[in-house]
Amino acid sequence: MATAKEALSLLREMLTVVEDEMSGIPNDPARWQTDGRMYPPQDDNAWDVENRPDLVRYRSRGHNPLIRDNGAIEIRDLQGNILLSKPGSDGNGVDFE
């Protein structure tokens, strides 16, 4: 991924595919709070990261996906543990601390 937009698109696509295959719960975004399925990050839950204009944090129910403008993706649980880290097109990760 070369851009944040491409990285977000990949994350959304892959999460939907995995949940379709593994959860057994129909994809119904209107029921995101109650159905037990994980849904991809939405634009209305995008947050700027202080002193990091190259980084956007998306808030989801149990995770904080971070997308860098180089296409890097990092997903952290609410305790800050890294669950997934994918470098961007330049080989650099999110490098968030």
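Taken to the nearest 0.5 Å, the CD1 atom of I67 stands 10.0 Å off from the OG atom of S9. Note: Y58 OH to I73 CD1 = 10.5 Å, rounded to the nearest 0.5 Å. Here the CD-CG distance, from E13 to L15, works out to 11.0 Å after rounding to the nearest 0.5 Å.
When all heavy atoms are compared, the tightest approach of G36 to I25 is C-CD1, 3.7 Å. Contact between G91 and P87 at its shortest, heavy atoms only, is O-CB, 3.7 Å. Here the shortest heavy-atom pairing between Y39 and D35 reads OH-OD2, 2.6 Å.
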Practice prompt. May I have the step-by-step check of salt bridge (charged side-chain N to carboxylate O under 4.0 Å, His left out) for R52 and D54, ending in yes or no?
Written response: CA-CA 5 Å; R52 291 294 303 270; D54 63 329; 2.9 Å; yes

Item to complete: Begin from the C-alpha positions of N64 and R57 and carry the test side chain to side chain donor-acceptor pair (under 3.5 Å) through to its verdict.
Response: CA-CA 6 Å; N64 286 306; R57 178 178 68 92; 2.8 Å; yes

Discussion item. Apply salt bridge (charged side-chain N to carboxylate O under 4.0 Å, His left out) to residues R68 and D95 and explain how you reach the verdict.
Written reply: CA-CA 9 Å; R68 192 171 176 190; D95 303 321; 3.4 Å; yes

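The closest donor-acceptor contact from the side chain of E6 to the backbone of A2 lies under 3.5 Å. Checking side-chain atoms of N70 against main-chain N and O of N92 turns up a donor-acceptor pair under 3.5 Å. Remark: the backbone N or O of D48 is not paired with any side-chain donor or acceptor of E50 at under 3.5 angstrom. For K86 (side chain) and G93 (main-chain N/O), no donor-acceptor pair under 3.5 Å exists by modelled atom type.
Under a cut-off of 6.0 angstrom, the local environment of CG in D44 is crowded, with over 12 non-hydrogen atoms contributed by other residues, nucleotides or ligands.
None of E74, R76, H63 except one satisfies the side-chain contact (heavy atoms from CB on, under 4.5 Å) rule with L83; the exception is H63.
For the pair L66 and L55, the minimum side-chain heavy-atom distance is below 4.5 Å. You'll find the side chain of L11 reaches within 4.5 Å of the side chain of P41, heavy atoms only.
Under a 4.0 Å N-O distance rule, the pair R37/D20 qualifies as a salt bridge.
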